[in-house]
Every structure is written in structure tokens, then in C-alpha cells.
J.: 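One structure follows; several queries about it will come next.
Naming: A, B, ... by sequence-line order, numbering from 1 per chain. Remember, it's a predicted structure, so these values are computed and weren't measured experimentally.
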There are 2 protein chains.
Amino acid sequence: MRTTALKFGGSSLADASHFQKVSSIIKSHEGRLFVVASAPGKRSKDDVKVTDMLYECYECAKSGKDHRASLSLIRQRFQSIVDLLGLSFDLDSEFAIIDRHLSSGPERDYMASRGEYLNSKILAAYLDYDFVDPATCVFFGMDGHLDAERTNSTLGKALAKSDHAVVAGFYGTGFDEKVKTFSRGGSDVTGAIVARAVKADVYENWTDVSGMLSADPRVVDNPDPIEEISYKELRELSYMGASVMHEDAVFPVRSAGIPINIKNTNSPDDEGTWIVAHRTNDAENGKVVTGIAGKKGFSSIRIEKAMLNNEVGFAARLLNIIASAGVSFEHVPSGIDSMSVIVDSEAFRHSRSRILERIQDELGPDATIVDTGIALIAVVGVGMVYRRGVAAKVFTALAQADVNIRMIDQGSSEINIIVGIDEADYEKAVNALYNAFFR
Amino acid sequence: MRTTALKFGGSSLADASHFQKVSSIIKSHEGRLFVVASAPGKRSKDDVKVTDMLYECYECAKSGKDHRASLSLIRQRFQSIVDLLGLSFDLDSEFAIIDRHLSSGPERDYMASRGEYLNSKILAAYLDYDFVDPATCVFFGMDGHLDAERTNSTLGKALAKSDHAVVAGFYGTGFDEKVKTFSRGGSDVTGAIVARAVKADVYENWTDVSGMLSADPRVVDNPDPIEEISYKELRELSYMGASVMHEDAVFPVRSAGIPINIKNTNSPDDEGTWIVAHRTNDAENGKVVTGIAGKKGFSSIRIEKAMLNNEVGFAARLLNIIASAGVSFEHVPSGIDSMSVIVDSEAFRHSRSRILERIQDELGPDATIVDTGIALIAVVGVGMVYRRGVAAKVFTALAQADVNIRMIDQGSSEINIIVGIDEADYEKAVNALYNAFFR
């Protein structure tokens, strides 16, 4: 039997009909034993996610206003699921607890977590699986990040007691012993740590699309789905905006060697995307580029200084100024008498004057030039860097599309080329690259 | 009258016949008034430069051996010049001073400087120009670098007293009041600071080639000469090994807006290469690439660490480790979960274990991979980065030559693309790029 950990996203558990689909998916394979559930998502385009309703309810209570109307709307969402599924589930006492919490100093993370908590508890009842509250077995460390080892050990023990269970996604217990959530989409991480804890053979991540696409469908018309992608490729594409899963969800399963299968709840027979340690259709076997992703909103800070390259430690001092302002950088192209730092425009905007002042005072540049409006595009494929002609294809495609290149960074990993261009050229550039490698 | 500062290299002043050529060059234009002379260079392929003879003589005296035979050989070089030019020049007293210096605690820089000192003094006598000893007007600061402002002011006043003068190249007075030399080839710097001090209209740098070549003639067969190059382009090409002049020679004239003309003493009518602030034949006017240069001998230290990009300050810490070991870096390609640093292999070799140990201890990487045997090639041309299609041409040429690309860095200056390749592919790659842009 292939032990499978499954995570269902909010769009897969938005209402009772979704619960029925999910149940039939789970029951169709005997190994589908450990399930992570999200809070109910949108039932239609204009609907509101339960998590957003919970945040709103929290804000209401926090600001001293009456939260009861807001809370009642949330209850209706769950009530409708429970009623339509014909479950006898005690929502009264659950909502009484939440109401008391709201009246006596509400906590933002605790409130946000109630969507997953209730949805998972209802799903467990519906499936007749055990319910596991991650407040008892998912832990964050002092640094605010997941305490992976403590979690793995405690969660492993908790789930070992169970033949099949539903674990609520998205939260755990913080270092201060209060409920603490992951960032948005964090149920993906819960799914991954459950997969690791039960030593699953596969981690199925169920959502509302049949896997990952090789380019952003808002930019490229009907892009190919990705059949297979390596963890590393996924990391690069996710980071550059091709989001299919929370980016931290990769690590727990990657270290355990568990493949991830992105599946579509509304089309469960589609193969979806396999996320694996090593692609079988890699550059050697013909598939050079796996995907193309990108983001707008970057700026370049270029520092010109004569004989800069004679100053050992100059770059460290420069990056330290930027790090001290809490801004992370994307790339550091360097020349002989110049050095640039590519940063997120938004993060930079807030500390711009402080950063530029310190650069002026501490580094004595001849000139400091800030360029905003840069978009970054990553062309990603394991082994592509060692395949001759890939860079030529990238830059020929961009030249033919009349796209000006502002920055190139390749060389830290063997799996991507990152190109900086003007934001205005972004859509044109992505399409040119897509056509070059996929059409 | 165009006031001209001239610097003659050692190969232009190797023997008496060279002195005659130099004299006729100087006398052929009335503005050629301020001359910087090097020590006598090689008269033939197997000859020894006087500066090297001086270093050897110093080592001999320093180690307590009898230096007289060694010094006598040096005297013969100058004697032959003086005799053949028919000058009455008192070499006896000059060499008596050097001999006394050698017998009473010799100084390395002082000894090295005697080649320029004597050659310039002889040239001044031959031309009937004043002789100016830079020990009195070229100063180094506490940091060991040229004290540009103090030098400019003192040298300016010294030369204002003179209608025409020969200044010895290569040395000045250190912060400790002792004679201190520039690094090898430093007479180029002296020429530049003289040009600035006399507010010359042009700085003529006379050597044994008719200007700079657009590629290394040891790699590319008969490359085109460069007619015009900007200071910035020169800096990039020089740094990457296309040496035509000491790299620090650019700054004094660049800030003063004085163009440099590289000329050939053996073919004085050739136009040579003009080094200017802004090219007239730049990318807009048709000349995209000015030159191609490169160097072997680089290594890449690649650090892989999951979620590295979440660690604000990681790069600063990494570069600080490398800077603390006294190693400068060339490029820092960065990915999502990895970051590389390209360093000089030789410099890295000496501190390799210390650097790798600190990386291991302080940065906790998942893996650290050192790759040696990397060559860097710079394709240089002002404005080329903003010309569409240049990157495509670069990478198509390399792909067609079957060259694998290990690293790309573009974006800090608008004038180059730097590509890292395997050392074994170096000659092939340079030729492919040369053919793409020049043939």
C-alpha cells in the first residue's frame, strides 16, 4: 500500500459539494490516510474566503466593536456545510469558545486558525477519520520559523496512534505557547510535514488546477502544463512568482525524498504535476526548460567608484548597509568600477533615503544611480546551463522581440538564467521566451 | 600650441638609437614639452630590463654579497647610451652615490627607482630640458596610494618653473619620506599626473605598438587596432588583461578631461589609439563592441543552502569572510537557494582552507562546491548593453563554437557582458566572439 498524505486547499473545501468530491477522492485509493485541510475558500468569484472573514472579525473585536454579526456570518458558512452533509456536529460549543476568546483579548493568529481547525474537524467527522489539532504537535522556534525536528518527532508520534487522520493546516504553537500561523498558504507546509512525519510515499497537494503551468496563464495564452519538475526548479519558479504551493512546503518532503503530486480536485483523473528530486525528462533526455516565471517591481542601485575593485571588502560593506535596512537583495552584478544591487522596489522605497545616505557617507561613491521599473524573468530547467545553445536561444528570442536587457545573472545554480528587463517589456519578453522553448 | 605630456616606455628608451628617435619625436611638435621617461627596457628579446638588473643588484647587496659586478653591468647600460649620444654626463658621481647606498643598508624601492632617475636625467641632458626628480613632488599617502591632490599641487608648481622638462617615472616619496615606487609599469601613472599638473591638452603614451588591439594577438590572429576607446572601456579591458598601460594611469587624466593617445615610437606617424571621455564612434554611431579581453585562473565557490534568500545579511557575511582573508572577488552570481563567488584561483588557493572552514562554521551551508579552472571574458563597448541583439550575438557565437557557459554577469555597467567559461574553451571562445563582432 502506498501511504499518501493529502492536502486540500480552500477552493477544494469551499462547500459541502466539495467535501463530497474530496471524500470520494480519499476513499478511491486505500493509502490516502493522512489529510490536511484548509479553511473554506471562495465558492464563486465574488465570494469571501473564511480566513479573510476571520481576520475581519478579529479586527472588529480588537477595535472594541461588536463582533457578533461578523462571527455569525462565519458560522453560517460552516453550518451550511454541516447541514448539507447531514452531519451531527456541535458547532454551538465551538463557536461559544470562539466568542469567549473574542470577548477577552482576541489574538490574530488564533482567530485566523479557526477556519482550518473547524473545517478539518468537520472533514474528519465526515470521513470518520481522527482529528489532530496541530496546536499540540506543530511547533515554531524562537526565530519564528518552524521547529522542523521537534515537530517531526511529536507529529510522528501523534499520527502513529492513528490509522487515518485529518490534521488542520496553517497553524501550530509558537515559542510563546500561543497559536501561531504560517504565512498565507501555509497549509501546504502542514501537508509536507505530515507527509514527512508519516513517511508517506507521496504527498498529494489537491487544488483547483491540474498541476503547474510552464508559464503564467495571465501572460501566456494557454501555456503547457508541467508534467514533472524537480524540487530545485520549483523553488526557482515559485520564488519568481509561479506560485502553486507555499514555497516552504518543499523542504520537509525534499529532505525525506517524498515526491509531491499537484492534483485537481475537480478533475481527479488528470495526472497533474509531479515534483521530484530528479526529473526523468531532464535536459539530457530532451526537456531543456521546465518553466518560465517572472516578477515586476525591482530596482537597481548602481554605485560607481573609480578603483572600486581595489577595495577589498567594499561589497560586504555595501550589502551590509542594505541588510541593516532590512532589505534583501536579488542580484549583485559587478563591474570593474561599478557594482549594482537589485532589490525589491517596495522594500527599498521605505528605506531609500537611509540606504542612499549611508552609501554616500560610508562608501564615498563617485555616483549612485537608482533605476526603478525593472522586471526579472527566470528561465528554469535542470542542467540547462550545461546544455550548449540555451543562452543563445534566450537572448536571440529577446532580441527578436526587441527587448532590451538590463541585467543578466547566471552561474550560481545550474538551473536558471535570470534576465532583468524594463517592466514595460515584461509580457513581450515572457511570450518571446515561451515561444522559443515551448511552441 | 597644444601642450603635450609624453611618456616613453622602457622599450622606447632601451638604447641610444631609441633616444635619437624619441628626441626627433619630441622636437617634431612644438608642444611636446613635458616628458616622463622609464628605465631602459630590453634591446632584444633575450635582453634584461634595467629595472630587473636593479632588483637583482639590490638582492645581492641585501644578502651581504658583493654587489659591485652586478652594479657595474647596470652602469655599462647607461654608459653605452651616454657614449653613443656623445654626452658629457657624470655617471661616476651618480654611481658612487648608488654604491654608497648599497653598502649602507639598501632600500628596494630606492634601488628600483634608479633606472628611471638616471634614464630621465640623461634624456633631459640630451634634449636640453630641465630634469625634475619626482622624489620632490610626487607623494604617496599613509595608505600607500598616490596622494593625488598634494602631488598635483606640488608637481604643478615645480613644472610651472620650467618651459620644458623630463620627469623620472615610476616613483615618488612615501609617507615615511623614503623613495617609494608605483607597481610595475607605474611610469604610465607618472605620465598621467604630469599631464594633469601641466594641464596638458593631450597625454601621449609612447610604446612599441601602434595602439591597443581589439583582442589579444596571442589568441586572435592579427586583431584590428582600436582607434578610439573611452576611459571606462579601457578600465574594463585593462582589468581583464588587455594591458596597454598601468590601470591607475587613467584616473588623473580622466578627471581632468585630458585624452590619452597611445603611440608607437617605432612608427610615430601611425595614429595609434585615442582614449577619450566619450567615443565619437560609439554604439549609436555604429561601433558596438570596442574590444574583447579575458583571463584564465578563476575559481567559483558555490554555496547551497535551503532558504538562503530568507537570510537577510547572508551575502554580506559571506563576502566578509572572503574579504577578511584578503581575497577580492570578481562576481557574485546568486540564485534562490545558492550563491557563488568568483575569485582569483591563486589568491584563493592560499586561504582556501580558512575560507571554507569559516563558511562551514558561520554560514551552515548545505553544500559548498569549489570549481577551479574558470576563465572570464569581457565583451566591452559603451552603450552595447542598450543595443538590442548584442547579448544574442554573444551567446549565439559561443553556442556555435560549442562553448559551455558557466557564468554570466551583466548589469552593473552599461558597457560590458562578462561570461565565465571553462579555461579549456578560452581561445576558442575569444576567437568566436572576435569573429562575431569584428570579422
Side-chain angles (χ1 to χ4, degrees), chain A residues 232 235-236 239 248 251 254 300 302 304 306-307 309-310 312-313 315-316 319-320 322-324 326-340 342 385-386 388-396 398-400 402-413 415-418 420, chain B residues 232 235-236 239 248 251 254 300 302 304 306-307 309-310 312-313 315-317 319-320 322-324 326-340 342 385-386 388-389 391-396 398-400 402-413 415-418 420:
Chain A
K232 283 191 178 184
R235 278 281 295 159
E236 305 268 341
Y239 184 77
D248 296 345
F251 298 104
R254 177 173 166 174
S300 138
R302 184 164 100 241
E304 297 194 344
M307 305 178 74
N309 63 300
N310 289 352
V312 170
L319 293 179
N320 203 41
I322 291 175
S324 307
V327 175
S328 35
F329 74 91
E330 305 295 321
H331 303 282
V332 196
S334 56
I336 309 311
D337 292 328
S338 67
M339 178 170 293
S340 298
I342 312 286
V385 167
Y386 297 121
R388 298 194 173 106
V390 174
K393 207 166 179 178
V394 165
F395 296 106
T396 301
L398 293 174
Q400 282 168 356
D402 241 14
V403 172
N404 228 328
I405 292 154
R406 304 271 295 267
M407 187 215 85
I408 307 170
D409 187 345
Q410 184 226 295
S412 159
S413 73
I415 71 169
N416 69 18
I417 296 180
I418 292 170
Chain B
K232 282 191 179 186
R235 279 281 296 159
E236 305 270 338
Y239 185 76
D248 296 345
F251 298 105
R254 177 173 166 173
S300 137
R302 184 164 100 241
E304 297 193 344
M307 304 179 74
N309 62 300
N310 288 353
V312 171
R317 294 206 303 283
L319 293 179
N320 203 42
I322 292 176
S324 307
V327 175
S328 36
F329 74 91
E330 307 294 323
H331 302 282
V332 196
S334 56
I336 309 310
D337 293 327
S338 66
M339 178 170 294
S340 298
I342 312 287
V385 166
Y386 298 121
R388 298 195 172 105
K393 207 166 179 178
V394 165
F395 296 106
T396 302
L398 294 174
Q400 282 168 356
D402 241 13
V403 172
N404 228 327
I405 292 153
R406 304 271 295 268
M407 187 214 87
I408 307 171
D409 187 345
Q410 184 226 295
S412 159
S413 73
I415 71 170
N416 69 17
I417 296 179
I418 292 169

J.: Just wondering, do Gln410(A) and Gln410(B) contact through their side chains at under 4.5 Å, heavy atoms?
T.: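 They are not in side-chain contact.
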J.: Can you say whether Val327(B) sits under 4.5 Å from chain A via the side chain, the backbone, both, or neither, judging by heavy atoms?
T.: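 Backbone only.
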J.: Tell me, side chain or backbone of Val394(A) under 4.5 Å from chain B's heavy atoms, or both, or neither?
T.: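 The answer is neither part of Val394(A).
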J.: Please identify, among Gly313(A), Ser300(A), Ala315(A), the residue contributing the most non-hydrogen atom pairs under 4.5 Å to chain B.
T.: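 Sorted descending by pairs with chain B, the first entry is Ala315(A).
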J.: Considering only heavy atoms from C-beta outward, does the side chain of Val332(A) approach that of Phe329(B) to under 4.5 Å?
T.: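 The answer is no; the side chains never approach within 4.5 Å.
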J.: Which residue out of Ser324(A), Ala391(A), Gly389(A), Gly326(A) racks up the most heavy-atom pairs below 4.5 Å with chain B?
T.: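 Looking at each option in turn, the highest pair count goes to Ala391(A).
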J.: For each of Asn404(B), Leu319(B), Ile417(B), tally heavy-atom pairs with chain A at distances under 4.5 Å, and name the one with the top tally.
T.: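 That would be Asn404(B).
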J.: What part of Arg302(A) gets within 4.5 angstrom of chain B, counting heavy atoms only: side chain, backbone, both, or neither?
T.: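 For Arg302(A), the side chain is the part near chain B, not the backbone.
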J.: For a quick test of reading the model, state the closest non-hydrogen atom pair linking Asn320(B) to Ala316(A) and the distance between them.
T.: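 It is N-CB, 3.8 Å.
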J.: Measuring heavy-atom distances to chain A, does Arg317(B) have an atom under 4.5 Å in its side chain, in its backbone, in both, or in neither?
T.: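 Looking at Arg317(B), nothing touches chain A.
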J.: Just how far is it from atom OG of Ser340(B) to atom CG of Asp409(A), taken to the nearest 0.5 Å?
T.: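 Nearest 0.5 Å value for the OG-CG distance: 9.0 Å.
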J.: How about Ile408(B) and Phe395(A): do any of their side-chain heavy atoms sit closer than 4.5 Å?
T.: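 Ile408(B) reaches Phe395(A) side chain to side chain.
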J.: Test of understanding: with side-chain contact (heavy atoms from CB on, under 4.5 Å), list the residues that count as partners of Thr396(B), not counting sequence neighbours.
T.: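 Once residues adjacent in sequence are excluded, the partners of Thr396(B) under the side-chain contact (heavy atoms from CB on, under 4.5 Å) criterion are Ala392(A), Thr396(A), Gln400(B).
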J.: Could you state the interatomic distance from OG (Ser334(A)) to CD1 (Ile342(B)), rounded to the nearest 0.5 Å?
T.: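 Separation between the atoms: 9.5 Å.
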J.: For residues Arg388(B) and Asp402(A), report the shortest heavy-atom separation together with the two atoms involved.
T.: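 The answer is NE-O, 2.6 Å.
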J.: Contact part of Lys232(B) toward chain A, heavy-atom cut-off under 4.5 Å: side chain, backbone, both or neither?
T.: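 Answer is side chain: those atoms of Lys232(B) sit under 4.5 Å from chain A.
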J.: Give the member of Asn416(A), Leu398(A), Val403(A) that has the highest number of heavy-atom pairs under 4.5 Å with chain B.
T.: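 Result: the option with the highest number of such pairs is Val403(A).
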J.: Relative to chain B, which of Ala323(A), Pro333(A), Ser338(A) shows the most heavy atom pairs under 4.5 Å?
T.: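 Greatest number of close heavy-atom pairs with chain B: Pro333(A).
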